[in-house]
Structures are given as C-alpha cells and as structure tokens.
Amino acid sequence: MAKLLTLSILLSLLVPAHTTRTPDCGGILSPSGLSYGKSGPLCAGLHLHFCSSRNQINSVKVTELSLSLIPNAGLRLTIDVDLGITPVMRLSILADLHVEMNPEGNLELVTSACKPTVEEMQSTEEIERHLGDARCQQTPICLEVSKLLLLPNEQLISLTAQFPITPSCQVQYLPLAAPVFSEQGITISLQTTFQVAGMAIPLPVSPVPFSMPEPVSSSPSHLTLAFSEHFYTSLFFALETAGAFNTTIPSPLTTATIAQKITQVGSLFQEDLPVILRAVLRSSPGVVLEEGKAALKLFLTIHVGAGSPAFQSFLSVNADISAGLLLSITDTRMTISTAGMRPSHIREKRGKAALLEELFLPTIREEVPAQMNVVLSEGIFLPHVSSFTYTDVSIVIHKVRNKTFKLLPAMFDLKGTQEQCLPPGSRINQSLLL
C-alpha cells in the first residue's frame with residue numbers, strides 16, 4: 001500500500017497543476033454579521049494602564065463594544081469604558097482597523113488610527129489629575145487596544161491550519177490577499193490545498209475561473225461561504241491520490257460456484273475459497289453541481305479473485321457508477337454521503353458482461369455505496385477559526401452563472417455560534433455558498 005501511495009503521488013505530478021494561485025472558495029461576512037462580536041463587558045477583560053502614577057483606577061467596565069464597516073478601508077472599533085475612579089468617568093475609544101497579509105501568509109488585524117476621549121468630567125483639572133497630559137494618555141490606551149487584537153489574530157492564524165480528512169490526507173485553506181471591505185461586507189478569497197502523506201499534491205487546473213457570487217440583499221445570513229465545483233473535484237482527486245477509494249468487497253460467492261459458470265476458474269484454485277472483489281479507480285471521479293442537486297461519477301475497475309493475503313485475480317471488469325451527493329454540516333465539518341447510486345452495465349472484453357452482471361452487480365450495487373459512505377462520512381473541515389462552530393444548518397445547492405464564465409457553486413444557509421465570548425443563547429446566522 002505504501003508503494004502504491006507513493007506511485008499515485010508521483011503519477012499525480014503528471015497532471016496539469018495550478019500555475020498561479022487562484023481561488024476555489026471564499027467567504028463574505030455581512031455588516032450584520034459583525035454584530036455578533038458585541039458582547040457587553042469584554043469577555044477577556046479590558047485592562048487599561050495609564051502612565052500617571054497618581055491614577056487610582058479600581059475597576060474597568062466595558063459597557064459597549066461594537067464593530068462597523070468602513071467601505072474600501074476596514075473596520076471601526078468603538079469601545080465605551082466606565083472607569084472605577086472618583087468621580088466615575090466614561091472613556092470612549094474609536095479605533096480604525098484594517099486587515100493585511102503578513103510575511104507568513106496569514107491575515108492580521110492592525111490598528112491604523114486610535115482616538116480616546118473622556119466624557120462627563122467635572123473639570124479640566126480632574127482630567128489632568130487622573131489621566132495626565134494628552135500625549136501621555138493616548139499612547140498607553142491605544143497600546144491596550146492593540147493588545148485586544150492578539151486573540152483575534154491568533155484565531156486568524158488558525159484559519160490556515162491543516163485539517164485532517166483521512167489519516168494520510170489533509171486540507172488547508174490559504175488566503176490569497178487581504179480581504180476586500182465594501183458595503184456588502186468583508187470578502188475573502190481562499191485557495192484550497194491538499195497534502196497526502198505530508199506532500200502537497202498538484203491539482204488539476206479549473207476549467208473556469210471562480211468568483212464569489214453576489215450576496216443576496218434580502219438574506220438574513222451573516223456569513224456566506226462559497227465553494228466552486230472545482231473544489232469538490234479537487235477533494236475527490238485528493239482522496240483518490242490517498243487511495244481512500246481502493247476498497248475490498250466481500251462476495252457471497254465462492255470459487256466453486258463461480259467455476260460452475262466459468263470453468264477456467266476451477267483450474268486456478270484447488271480448494272473452495274471466498275470470492276473477493278477489489279475496486280480501484282481507473283480515472284479521477286467527477287462532481288457536477290446542478291440546481292438543487294449534486295452528482296458524483298465514479299469510474300471503477302473491479303478485480304475479481306480469491307485468496308488472502310495472497311490475492312489472485314482471475315478477471316477484471318470496468319463499472320461506471322453515478323450517485324447523488326447529500327451534504328450536511330456537523331460542527332465545523334461538511335459531511336458527504338451518497339444516495340441513489342446506480343452502477344451502469346459492467347464492461348468486459350471477453351463477452352461475459354451479462355454473466356458478470358448476474359454474478360456481481362447485486363454485490364457492487366450494495367457494497368460500493370456502503371464503503372463509499374464510510375470514507376465520505378468523516379467529511380471535510382470547512383474554513384473556520386478556533387473556538388467556532390456551525391449550528392442550525394440548512395443547505396441549498398444553487399447553480400450560478402456568470403455573464404462571462406459558467407460558475408457552478410452550491411449554496412448553503414447556516415447558523416453558527418462562536419463559543420468563546422458570546423453569552424448563552426447567542427447565535428450568528430450564516431450562509432454557505434458552494
């Protein structure tokens with residue numbers, strides 16, 4: 001198996017691969033989606049340290065924390081803080097944020113402007129007495145605001161983590177550029193890469209470019225994720241390279257019963273042995289997304305034989321199989337299962353196709369979907385940051401056509417929660433376009 005895996009990886013190098021970095025998925029966070037971060041007192045605590053040694057601040061209470069979009073620029077962070085001093089003062093902080101790509105290829109939130117102000121003071125002297133001069137007050141306050149970005153930036157780094165699909169296959173989502181901020185929301189483009197046995201595999205080139213579908217203005221969703229048809233083709237190509245679809249299928253037949261139909265088999269085996277079917281892909285699977293449905297096409301070669309561990313094949317047949325794909329979301333995984341799998345007629349060069357269908361087609365029809373579902377049931381992780389999960393998911397596969405290029409994404413509607421920092425019962429509505 002190790003040699004076969006190495007060979008499949010080497011053969012995949014012969015497949016035309018991405019010559020440039022191009023997106024195959026992405027996401028749009030709507031303006032309403034930003035409201036989930038407004039959580040009253042900041043969960044981690046906002047500890048402000050002022051430079052004046054005369055300050056006696058007993059407590060810091062964040063009464064307001066909100067983010068708003070600045071189209072073509074970034075975000076505006078608004079924080080209102082009640083300072084536990086005598087008299088109580090209200091500190092308001094306005095900070096402009098933007099997202100950039102750091103040298104490691106991760107997205108990073110940075111502060112581009114910061115302006116703290118104090119309201120409802122009794123006198124200018126008291127402002128100076130508690131906060132010091134303006135130059136002294138702004139630097140430490142804005143430094144604390146920058147510290148607030150440490151946790152979000154750690155979470156943004158987790159977006160590019162490698163997620164397992166099978167023990168030998170991993171997926172990784174890489175941002176191609178800093179997000180675009182517009183009135184519709186924050187748009188990010190991602191490229192999916194797959195690793196098999198620790199090696200990145202080159203993927204077939206997408207026949208059409210991918211672009212994010214336009215968000216639906218009437219949709220209540222906060223987050224829209226989009227995955228192209230090519231994303232699914234690449235996923236199945238990676239699973240093929242990892243050998244995940246090479247399956248062994250038990251048969252109710254034995255060599256003796258087969259010999260009654262095919263006499264040559266009797267001379268190959270001196271004793272009556274269980275017949276085993278070994279299915280391998282003879283070419284890459286194909287995925288097609290249509291309006292309201294997704295379809296999978298498999299092109300199998302099935303070796304029929306007996307003996308374990310020394311398997312001896314006495315004939316090989318080709319079988320093309322088509323099936324519907326059912327998509328669902330569990331936590332942060334998209335799980336896949338097959339439905340209505342239909343094996344086509346078995347093809348065999350020596351004119352025994354009808355006989356072989358009679359012998360093996362019932363087993364293929366029953367066992368191939370079952371074993372496929374075992375592989376696919378593990379699913380694939382969706383792009384997400386740490387401490388985030390999707391809940392209350394409804395999925396709609398949607399076919400979108402671009403005026404220039406035909407795009408075939410599917411649409412998911414999701415609701416999710418970010419476990420950390422949100423009060424009990426809080427939710428973030430999401431929509432996932434594939």
Side-chain angles (χ1 to χ4, degrees), residues 1-25 104-106 157-176 190-206 227-249 276-287 296-303 308-311 313 325 330-338 368 370-384 386:
M1 178 60 72
K3 291 182 179 179
L4 288 175
L5 181 59
T6 302
L7 178 60
S8 64
I9 294 175
L10 293 175
L11 289 176
S12 71
L13 298 176
L14 302 177
V15 179
H18 291 297
T19 55
T20 59
R21 298 186 69 190
T22 56
D24 55 12
C25 59
E104 291 76 28
N106 294 311
I157 292 175
S158 69
L159 176 67
T160 60
Q162 290 187 9
F163 302 114
I165 304 175
T166 69
S168 63
C169 183
Q170 293 81 37
V171 64
Q172 186 176 25
Y173 301 99
L174 300 176
L176 297 181
L190 300 170
Q191 182 186 50
T192 311
T193 63
F194 295 92
Q195 294 83 33
V196 175
M199 297 174 57
I201 61 172
L203 299 173
V205 177
S206 174
F227 293 85
S228 67
E229 183 180 86
H230 185 252
F231 166 85
Y232 292 97
T233 299
S234 299
L235 167 61
F236 279 88
F237 178 79
L239 290 172
E240 173 199 3
T241 305
F245 297 133
N246 298 338
T247 59
T248 298
I249 302 171
I276 298 172
L277 310 181
R278 289 191 173 178
V280 296
L281 289 172
R282 68 178 188 275
S283 62
S284 297
V287 178
L296 170 68
K297 295 182 179 180
L298 295 175
F299 310 98
L300 298 174
T301 293
I302 299 174
H303 303 285
S308 179
F311 176 78
S313 173
L325 291 179
T330 304
D331 296 329
T332 55
R333 289 177 183 254
M334 175 172 60
T335 56
I336 305 172
S337 60
T338 60
V368 170
Q371 299 213 19
M372 286 287 296
N373 286 335
V374 170
V375 174
L376 298 176
S377 63
E378 294 297 322
I380 180 172
F381 280 100
L382 298 173
H384 68 281
S386 59

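Worth saying up front: this structure is predicted, and the values here are computed from it rather than measured.
Expressed to the nearest 0.5 Å, how far CG of Leu159 lies from CG of Leu174 amounts to 9.0 Å. Taking CD of Gln172 as the reference point, atom CZ of Phe163 lies at 8.5 Å (rounded to 0.5 Å). Rounding to the nearest 0.5 angstrom, the gap separating the CD atom in Gln162 from the CD1 atom in Ile165 is 10.5 Å. Interatomic distance, Thr247 OG1 to Arg278 CZ, rounded to the nearest 0.5 Å: 10.5 Å. One distance of note links NZ of Lys297 with OG1 of Thr233; it measures 11.5 Å at 0.5 Å rounding. With values rounded to the nearest 0.5 angstrom, Thr22 atom OG1 is found 9.5 Å from Leu203 atom CG.
Proximity of a side-chain donor or acceptor of His384 to a complementary backbone N or O of Leu382 within less than 3.5 Å is detected. Looking at Ser158, its side chain does come within 3.5 Å of a backbone N or O of Ser386 through a donor-acceptor pair. For Thr166 (side chain) and Cys169 (main-chain N/O), a donor-acceptor pair under 3.5 Å exists by modelled atom type. Side-chain N or O atoms of Ser228 include one that pairs as donor or acceptor with a backbone N or O of Asp24 at under 3.5 Å. A donor-acceptor pair is defined here as one N or O able to donate and one able to accept, closer than 3.5 Å; no such pair exists between the side chain of Glu240 and the backbone of Phe245.
Ring geometry for Phe231 versus Phe194: interplanar angle of 30 to 60°, hence tilted.
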**Q.** Working for side-chain contact (heavy atoms from CB on, under 4.5 Å), residues Leu235 and Val287
**A.** CA-CA 10 Å; Leu235 167 61; Val287 178; over 6 Å; no
Q: Please test Thr193 against Gln191 for side-chain hydrogen bond (donor to acceptor under 3.5 Å, both in side chains), starting from the C-alpha separation and ending with a verdict.
A: CA-CA 7 Å; Thr193 63; Gln191 182 186 50; over 6 Å; no
(Q) Set out, in order, the CA-CA distance, both residues' side-chain angles and the distance that settles side-chain contact (heavy atoms from CB on, under 4.5 Å) for Leu298 and Met372, then state yes or no. (A) CA-CA 10 Å; Leu298 295 175; Met372 286 287 296; 3.5 Å; yes
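Of the residues Asn373, Leu300, Thr338, the one that meets the side chain to side chain contact (heavy atoms under 4.5 Å, CB included) test with Val368 is Leu300.
Residue Val375 comes nearest to Ala244 through the heavy atom pair CG2-O, 3.3 Å, listed as atom of the first residue, atom of the second, then distance. In terms of heavy atoms, Leu296 sits closest to Pro285 at CD1-CB, 4.0 Å. Closest heavy-atom contact between His303 and Ser313: CB-OG, 3.8 Å. Closest of all the heavy-atom pairs between Ala279 and Ile302 is CB-CG1, 4.2 Å. In terms of heavy-atom proximity, Thr192 sits nearest to Cys25 at OG1-SG, 3.5 Å. When all heavy atoms of Gly379 and Arg333 are compared, the pair lying nearest together is O-NH1, 4.2 Å.
With a 4.5 Å cut-off on side-chain heavy atoms, Ser284 and Phe299 do not count as touching. In this structure the side chain of Pro175 reaches within 4.5 angstrom of the side chain of Leu190, judged on heavy atoms.
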